[in-house]
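Here the structure is laid out as structure tokens; the discussion comes afterwards.
What you see below is based on every heavy atom in this structure, not just the backbone, and it leaves out hydrogens, waters and symmetry mates. Here is how names work: the chains are called A, B, and so on, in the same order as the sequence lines, proteins then strands, and each is numbered from 1. Owing to the predicted nature of the structure, the values given are computational and were not obtained by experimental measurement.
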Protein chains: 2
Amino acid sequence: MKTPTGDQALIKRMNTAIVLESVLQGAPLSRADISALTGLNKATVSSLVQDLIDSGLVREIGTGQSSGGRKPVLLEFVAESGYAVGVDLGVNYVRGVLTDLRGGVAVERTAQLDKTSPDEVFGILRPFIQSLIDEAPESAFGVVGIGVGVPGLVDRGGAVLYAPNLGWRDVPLQDALNRAFGIPVLIDNEANVGAIGERKFGSGRGIGSMIYVSVGMGIGTGLILQKELYKGAAGFSGELGHLSIEASGPPCRCGNRGCWELYASEQALLVRAAEAGIGEGTLDSLLALAERGDEQTRALFNGIGESLGVGIANIVNVFNPEAVVIGNTMSRARPWLEEAMSHTTEARALNFHLRGIRLLFAELGDRSAVMGAAETAIAAFFKRLRSA
Amino acid sequence: MKTPTGDQALIKRMNTAIVLESVLQGAPLSRADISALTGLNKATVSSLVQDLIDSGLVREIGTGQSSGGRKPVLLEFVAESGYAVGVDLGVNYVRGVLTDLRGGVAVERTAQLDKTSPDEVFGILRPFIQSLIDEAPESAFGVVGIGVGVPGLVDRGGAVLYAPNLGWRDVPLQDALNRAFGIPVLIDNEANVGAIGERKFGSGRGIGSMIYVSVGMGIGTGLILQKELYKGAAGFSGELGHLSIEASGPPCRCGNRGCWELYASEQALLVRAAEAGIGEGTLDSLLALAERGDEQTRALFNGIGESLGVGIANIVNVFNPEAVVIGNTMSRARPWLEEAMSHTTEARALNFHLRGIRLLFAELGDRSAVMGAAETAIAAFFKRLRSA
DNA sequence: CTTAGTTTGTCTATTGGCTAAACTAAGTTT
DNA sequence: AAACTTAGTTTAGCCAATAGACAAACTAAG
């Protein structure tokens, strides 16, 4: 029986979390507002707010408008009571942010990555992260954690099991960073943190079930189901890039055949462009051509859009999500993809599932993953607060 | 702020639920055992157990072995303190059970269904359910609810939005049954209740994430993720039968192309058998042929097994579940399907995701759905207990 | 057949969080 | 200025869980 038993301390933690949550959501509001909002007694709210003020998470910011009686004392969350580091480890770059507890970016930094062996990457990563930590202002909680997104499979213990594009196998990144910095470190797949980033700060704000499709050289996905990131039994789910859409299609390096990413990724686009002799082997060159009105290039994007739609129709049928968000590099091709993509999805998905669904593109662009990584660390901090 | 705030009543409800849960799990055990198991104080356990005894959910069943001191008084859950009705509404049959609160079957009954209009079905269903209710013995809580599985899409309010095989559209079944019997009624898709049945009573016992694939004339699926039935945003997810496995395959009645169920369902088997001039157009005849060693028939099953494997590989890559359970009529063809199915799945799914996965067949056979329907009603009863 | 030691389950006093109601503080309205 | 409103605090009481004392019922050793 692992279930934690209920006692008074639990109640207090729960109610404190509820009060903190209302301050986070409701921005400037008074103790009376919180009481009305939550149903908690005014006295209870007063007491819990005092605790939060003492801990530094909440502060009073003067009085508000009277509505016929004593003026309310307005409260707000102290975003600068702590900081978090978010890192997006790419195949040839590292991007990092230092954010406050509301996700406000204090420092942002990018570095090149030309070597990819675990040791070399760690040699770059360590001072990179340290420099972000060093820039954090004095605060009540200090730097509360480090979140990292990596292009590969990550197990529950934060070890990178397999990252083909980095050439990594079984790299215990979380352990290493944990030892180096002595603060909580969370490692997750790039698509998973991207999903978290878009849901918290981007186009998926407030959405309960959302599938984030990271379309870069491959296709990765992050599944947010019932407001939570879904991970499979072993911690790695959502390899929708390797969902086969042509059972008898060409073999994929994963062992399967006709995988979605063979048809709908940046890689697929570049291969097709090369076959047709268009562009210079880069997404940028193709985007420029499409921009200039080149019909052949636009047809190419159109085809990718259709293939995206085929996979999205599957996703919609399987998950019946509120939204599908397309992110990563290919989101820049939105103008040339969107119509074919939406059209194909609508033609193929089940009618009932399409009701009210939203097909969106990432708002944060190439920052979905860093921001999500930071948010991961912030969320873990709040979770720790709630349970202690 | 909809979150229920914490107060003492909540604590008591939580702890009562914990105590009840340990009695449910641990079968005959004493108050002292519960205290040791849960960490709750002996006095607390005593008090909560007394409440449960008073309510009729728990009873003392004499003393146990002493381990050198006073003999413990053993407790057990009173399964017969209430009853539930489970109904599996098929296209041409209705199956119903009356179970106690532990899912023990007290009465089981099946009826033919030759008419399928909502009114006609309701005319049959009403006395059918009434007769089950009438057989329930006197008990503390009486018949606590009715669960129904139907072959179609069901919305959150228990209305059948679309059931092509019954020819139903927008039939408010839950409302109708609720009014007729005045006890809680829960309607869900056949595959969803089947998943619940197999997880609770069948081959998926205790498994946290499991995909139930109901392979009948079509393919339906029930997704159990993190121990909970997953429903999409609008309440209907898991149409994995309409996951396209051949983007350029033949059109499906759903509007998409190359849907899984066109390749791997009983229907697909029968179509192929007819093309090859084998059997008499029924699954039974083909099973008999395969049994007798007919090579052509076995090859047919083998092909279906491969197609099942293609879809299962997709499922495994997407959900990384602990188990996939094949249910409904086609589970009877297990001997002729299993090898090709496992082999194809292993060849196509990502290696990491295959670790420890189990490909199972339904243990309850054609009773997965009824049992799951009953369990749905039982679970709802316990949920009500916990929140009041 | 005592007597000591164990184990089960209940009783009792205490703790701590929440609440209603009274109260203080600080405004607005007429 | 008097009457009313609203915000936030203080007070007394409630209730569930707990530690520890205790009674009941048993085993085992001398």
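How far OG1 of B/T16 is from CD of B/E21: 12.5 Å, rounded to the nearest 0.5 Å. Here CD of B/E375 is found 8.5 Å from CZ of B/F382. Values are rounded to the nearest 0.5 Å. Here the straight-line distance linking atom CG of A/L101 with atom OG1 of A/T99 works out to 7.0 Å at 0.5 Å rounding. Atom CE of A/M14 and atom CG of A/L40 lie 9.5 Å apart (nearest 0.5 Å). The CD1 atom of A/I196 sits 4.0 Å away from atom OG1 of A/T376, with the distance rounded to the nearest 0.5 Å.
Atom pair A/D7:CG and D/dC15:P shows a separation of 19 Å (rounding to whole Å applied). The separation between B/E60 atom CD and C/dT10 atom C1' is 13 Å, rounded to whole Å. Residue B/K12 contributes atom NZ, which lies 21 Å from atom P of C/dG16 at whole-angstrom precision. Summarising the geometry, the separation between CD1 on A/I11 and C1' on D/dC15 is reported as 10 Å, rounded to the nearest angstrom. The CD atom of A/Q65 sits 15 Å away from the C1' atom of C/dA26 (whole-angstrom rounding). One atom, CZ of B/R31, and another, P of C/dT10, lie 5 Å apart when rounded to the nearest Å. Remark: C1' of D/dG8 and CG of A/D33 are 12 Å apart, rounded to the nearest angstrom. Going from atom CE of B/M14 over to atom P of D/dA17 covers 10 Å, rounded to whole Å.
For A/E135, the side-chain hydrogen bond (donor to acceptor under 3.5 Å, both in side chains) test picks out A/R109, with sequence neighbours left out. For A/K231, the side-chain hydrogen bond (donor to acceptor under 3.5 Å, both in side chains) criterion is met by A/D188, not counting sequence neighbours. Remark: B/S209 engages A/Y230, A/A233, B/P321, B/E322 in a side-chain contact (heavy atoms from CB on, under 4.5 Å) (not counting sequence neighbours). Residues satisfying the side-chain contact (heavy atoms from CB on, under 4.5 Å) test with A/A323, not counting sequence neighbours, are A/I207, A/R358, A/L360. When the salt bridge (Lys or Arg N to Asp or Glu O under 4.0 Å) test is applied to A/R31, the partners found at least two apart in sequence or on another chain are A/E60. When the ring-ring contact (aromatic ring centres under 6.0 Å, His included) test is applied to B/F381, the partners found at least two apart in sequence or on another chain are B/F141.
The base of C/dG17 has none of its N or O atoms less than 3.5 Å from a complementary donor or acceptor on the side chain of A/Q8.
Under the salt bridge (Lys or Arg N to Asp or Glu O under 4.0 Å) criterion, the residue pairs touching residues 44-57 of chain B are B/K12-B/D51, with sequence neighbours excluded.
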Quick one: which protein N/O atoms are closer than 3.5 Å to N/O atoms of nucleotides 28-30 of chain D? Pair and distance per line, please.
none

Which atom pairs, donor and acceptor, lie under 3.5 Å between side-chain atoms of residues 71-83 of chain A and protein residues at least two apart or in another chain?
| from | atom 1 | to | atom 2 | distance (Å) |
| --- | --- | --- | --- | --- |
| A/E76 | OE2 | A/R59 | NE | 3.0 |
| A/E76 | OE2 | A/R59 | NH2 | 3.0 |
| A/E80 | OE1 | A/R59 | NH1 | 3.4 |
| A/E80 | OE1 | A/R59 | NH2 | 3.3 |
| A/S81 | OG | A/V78 | O | 2.8 |

Applying the Watson-Crick and G-U criteria (both distances under 3.5 angstrom) with [ ] for crossing and | for other-strand pairs, one obtains for DNA chain D ||||||||||||||||||||||||||||||
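Remark: side-chain polar atoms of A/E198 are paired, donor with acceptor, to backbone N or O of A/S203 under 3.5 angstrom.
Within residues 69-77 of chain B, the residues having any heavy atom closer than 4.0 Å to DNA chain D are, in order of number, B/G69, B/R70, B/K71. DNA chain D is contacted by A/K42, A/A43, A/S46 of residues 41-51 of chain A, taking any non-hydrogen atom closer than 4.0 Å.
Remark: A/S30 is in phosphate contact with D/dG8, judged by side-chain N or O atoms under 4.0 Å from OP1 or OP2. Regarding contacts with the backbone of C/dC18, a side-chain N or O of A/N15 is found under 4.0 angstrom from either OP1 or OP2.
Mapping B/S67 and B/T16 onto DNA chain D by nearest heavy atom places B/T16 closer to the 5' end of the strand.
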